[in-house]
S.K.: 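First the structure, which I've put down as structure tokens, then a few questions once you've had a look.
All of these numbers come straight from a predicted model, not from anything done at the bench. First listed ligand is number 1; within each ligand, the first listed atom is number 1.
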Amino acid sequence: MITPRVTRLVRVPDLSTFRSTIVDLATAGAPLEARRRLVVVPTRAAAEHVLRSIERRVLVAGAAVGLPDFVTPRELIPRLGERLPGVPGVLLDTEREVLAGRACGTAIAEGCEPPFHLRPGLIAEIVRFYDSLRRHLKTIDAFERLSLGMLEPGALDDRGAERLVRQTRFLVSAFRHFERLVESTGRVDEHMLRRQLMATVASSPCEHVVLTVGDDAFDRHGLCAADWDLLSRLPGLARLDVVATDANIAGAFHEKIHQLLPGIEEVRVPGADGSTSPALVVGDGPGMTWTARDREEEVAGFARWVRRMMREGVPEVSSLDRIALVVHQPLPYVYLAREVLHSARIPCQMFDALPLASEPYAAALDLLITSVTGNFSRVQLVSLLRSPHFRFGPDDAPLASREVSALDRELSEAGYLGEIEALNRLIDTWSNSSRQSKGLRAARAIASAMMELQPLRAAAPCGEHLDRLLTFLSRYERLPHVDDPLRPRLLRARSAIRDTLVGLRNAYAQFDDAPLDFEVVTAVIRRWIEAHTFAPRSGDAGVHLVDAASAPYGDFDAVQLAGLVDGEWPAAPRRNIFYPPSLLRELGWPGESERLDAVRSAFGDLLRLARTRVRASAFTLEDDAIVPASTLVDAIPTANLTTMADPVMSPVSIFDYEALAVEPVYLDALDPTARAAAVRRTEMTRTHQTGSTAGHVQDAHSLSALERYQDCPFKFFAADVMKLEEPPEDQPTMSPKARGRFVHEVFQKFFEAWDARGQGTIDVDHLDEARELFEEVADSLLAQFSDAEAALERARLFGSAIAVGVVDVVLGLEASRPTAVRERWLERRFEGSFSLGVPDGPRVSLKGVADRVDLMDGNRLRVIDYKSGYPPNPKRALQVSIYGLCAQELLEGRDGEPWTVDEAAYVAFAGKKPLVPVVRPGGDPGALASARERVIELAGAIAKGEFPPRPFELRICGYCAFPSVCRKDYVGDE
Ligand code: SF4
């Protein structure tokens with residue numbers, strides 16, 4: 001049944017007439033007539049702009065108008081379907097994808113193996129390809145016939161063609177099963193709904209359609225062949241108006257529209273009297289485009305232009321909302337513009353949708369998912385505990401952040417690498433230990449929550465996995481406070497994400513209960529969230545940020561066309577992953593040259609979009625790579641616009657950072673919080689020298705801290721004055737701290753046992769006995785480790801085919817010296833004020849523990865320090881020499897006789913030389929005097945508060961734990 005109708009191509013000369021014609025057609029007739037009218041616009045943002053134009057007209061005319069329904073091409077079929085009586089439910093996209101997954105599985109089970117591994121992302125692509133085929137009016141039979149007809153002749157001797165044949169057979173089989181499955185649900189999809197729309201008269205039919213988009217061959221927001229076919233035969237449709245500018249019609253679209261709608265009548269709407277083209281604003285340099293270094297600078301240039309027009313009161317630009325920044329693709333401009341324009345105090349409004357995946361709630365969900373796939377590793381558990389989106393632990397006694405930091409450190413020290421069972425074992429150990437664990441409460445809270453997610457690590461139906469995830473989210477999520485300004489946006493993003501998860505859960509629960517690994521479910525969730533956009537209404541006043549498809553619907557005085565770079569304007573074509581362009585052409589896909597012609601003509605229209613001024617801009621760097629300018633730049637001179645020089649940009653500071661960074665500093669430009677911080681900071685800069693404090697009082701200096709100061713004064717400041725803790729790291733084996741403890745313990749226990757036997761000095765005759773005892777002691781301590789760790793530590797202690805064991809170095813050291821050991825101080829603590837060998841010199845307060853001091857015949861002493869890692873540079877090391885001097889002072893006080901430091905050395909587990917002497921056997925007064933002088937100098941600098949970032953060697957910064965708090969830029973100034 002075909003309803004007699006008027007079909008018109010309404011040609012307009014420019015975008016101003018385009019907009020007024022759309023408003024005329026949208027509001028024509030009595031208000032009630034509008035209810036039977038659909039206006040098809042490319043995007044929701046375009047609809048918002050048309051509505052604003054209608055509101056303005058109503059304000060001026062003072063008459064009521066009826067508003068039609070504005071739809072995008074994607075919404076057209078469902079919206080028409082709503083008018084049909086008795087339409088069964090429409091299948092959701094999630095449900096169709098689940099059905100497609102089942103159809104693919106059935107095709108494979110029947111022997112139609114695809115030449116690729118079937119992943120969730122590919123199933124989505126398969127559905128997209130099926131939809132494209134149907135939108136190009138191709139049945140599955142036609143697809144099979146045309147594709148195999150082209151591919152099969154070459155498949156015998158061409159492996160590529162043979163793969164495509166296998167792929168086609170698989171796709172054909174999957175599509176047929178898919179159609180059967182869709183039918184078996186008793187519901188409809190877009191393609192079935194189109195058929196029903198053509199066969200049934202709607203109860204309240206749409207009588208008038210105003211099309212403001214073109215064909216999808218020319219316009220990425222255009223109608224597909226199936227839509228044109230439907231509109232040409234839709235029962236009840238009495239009038240179809242296609243509105244297009246002359247530039248749009250000038251190309252192949254003119255011929256195409258006559259093919260699509262045979263007999264279409266052409267009418268022409270003249271432009272308004274006196275309408276003129278805008279002036280093209282150009283800079284000092286050659287060319288007609290403003291070129292910035294990167295996108296951020298490009299938006300900053302726009303902000304300066306806007307502020308300048310407002311400052312100078314340009315009469316043709318009446319207000320901020322008459323100015324627009326037009327971009328071809330909104331990302332990343334939507335984020336950049338928000339930051340840059342906010343910094344310049346320019347309000348901004350945009351109607352564009354943002355990716356849902358970039359919302360904080362999506363990041364929180366991702367964290368949850370990663371903690372399961374990462375087997376509950378330390379970093380993920382601690383991130384979950386710190387996330388503002390979750391709440392763990394009892395409500396009446398919430399976890400403090402110091403408890404979470406303590407857990408982080410304790411997990412790292414315990415070498416925890418994941419697995420909920422390992423976490424529970426650690427909790428048992430900590431609960432029964434006499435040493436109080438500060439992170440125990442946090443550990444219990446997160447372990448009990450993670451137990452609820454543990455079942456996700458086993459395969460289960462996707463619906464069950466998703467249900468568990470949703471239950472967890474409901475139980476543990478934390479919503480922002482009602483006064484939080486971010487709350488509405490977070491709640492909207494949360495609801496969009498939860499709706500996606502619920503849709504997926506219901507679809508799988510209904511149509512596919514095959515068990516899946518959580519990794520597969522994760523891929524499905526991520527893909528769906530990444531495919532979704534989210535439209536947070538941002539701003540309702542100020543300059544517009546608008547995409548190129550929506551811009552023609554907005555009424556602006558001044559416009560900047562931004563991002564004129566290669567690959568973006570025009571956008572690179574979306575590649576079909578299944579077939580080459582030659583085969584796709586046979587299947588009805590449009591050609592690339594037609595698309596590019598349409599982009600050029602649309603760009604020509606956009607150059608004349610503004611009423612008075614237009615600028616075009618590009619940038620040269622993207623992620624440090626040079627980006628060439630768009631070929632559309634060449635079209636600017638041919639637009640024959642009058643140019644208007646805008647020679648020198650104003651030097652006036654407009655951004656927050658300029659208020660702070662450019663003299664004179666202008667703090668009043670900042671908001672109160674930032675201003676208070678800036679006042680404090682500038683006052684500090686005026687009164688304090690950078691890298692210094694008023695002074696620092698230290699009761700007693702530890703030698704390791706003095707060595708840290710020697711390496712870099714700021715490192716000392718961060719660790720020993722500010723008491724910042726180094727971020728813990730996961731180690732596949734024991735942490736350096738734990739290994740240090742083990743090494744010290746094993747040597748301490750050995751020498752205690754040896755001395756308890758009364759054996760005295762370890763000489764050559766007793767070496768084997770000493771080694772045996774050492775093995776005994778070491779074995780009992782190694783038993784606490786896993787087999788792998790124990791084997792590693794054993795090799796370090798006892799050596800291997802390629803390395804000498806540390807025990808041989810330690811025992812050999814004593815055996816090779818002729819002097820007998822009278823007494824041994826093990827883990828000896830020194831604390832107090834020491835003169836360090838110069839009784840009438842300045843004294844220094846020190847504290848520390850020497851690993852081992854051997855008191856030998858002849859009142860000589862030997863200091864040994866064990867290093868589980870690399871030894872320090874002997875010329876800069878302090879510990880062993882200073883411990884020697886401290887011991888010397890204590891012994892002289894005790895015995896009333898002089899003592900001398902005979903030897904001081906490090907025994908290291910890593911590095912080329914296990915024994916690193918600092919004071920060589922026989923004594924080295926020069927080395928001891930140097931260590932003493934350095935300690936006195938360092939203590940003096942600390943007392944004065946000198947803490948500049950001044951690494952002894954720049955490579956120290958490479959493994960320093962405090963780069964995030966260090967103002968390293970001072971390094972070069974020192
Ligand atoms: S990053 Fe470098 S300059 Fe900064 S504290 Fe560490 S070692 Fe010193």
S.K.: Measure from atom 2 (Fe) of ligand 1 to each N, O or S atom of Cys966 and report whether any distance is below 2.8 Å.
M.R.: no

S.K.: Indicate, with yes or no, if the rings of Phe830 and Tyr883 have centres closer together than 6.0 Å.
M.R.: yes

S.K.: Numbering the atoms of ligand 1 from 1, which are under 4.0 Å from a heavy atom of Ile956?
M.R.: 7 (S)

S.K.: Which bit of Cys712 is near ligand 1, meaning a heavy atom under 4.0 Å away: side chain, backbone, both or neither?
M.R.: side chain

S.K.: Do the side-chain N and O atoms of Tyr333 and Glu298 include a donor-acceptor pair separated by under 3.5 angstrom?
M.R.: yes

S.K.: I'd like to know if atom 6 (Fe) of ligand 1 has an N/O/S atom from Cys960 within less than 2.8 Å of it, counting both backbone and side-chain atoms.
M.R.: yes

S.K.: How about Phe750 and Phe747: are their ring centres within less than 6.0 Å of each other?
M.R.: no

S.K.: Quick one: list whatever passes side chain to side chain donor-acceptor pair (under 3.5 Å) with Arg402, sequence neighbours left out.
M.R.: none

S.K.: Give the numbers and elements of all ligand 1 atoms closer than 4.0 Å to a heavy atom of Pro949.
M.R.: 3 (S)

S.K.: Would Phe714 count as a contact residue for ligand 1, given that I'm defining contact as a non-hydrogen atom of the residue lying under 4.0 Å from a ligand atom?
M.R.: yes

S.K.: Taking the side chain as every heavy atom from C-beta outward, state whether Phe751 and Val810 have any atom pair closer than 4.5 Å.
M.R.: yes

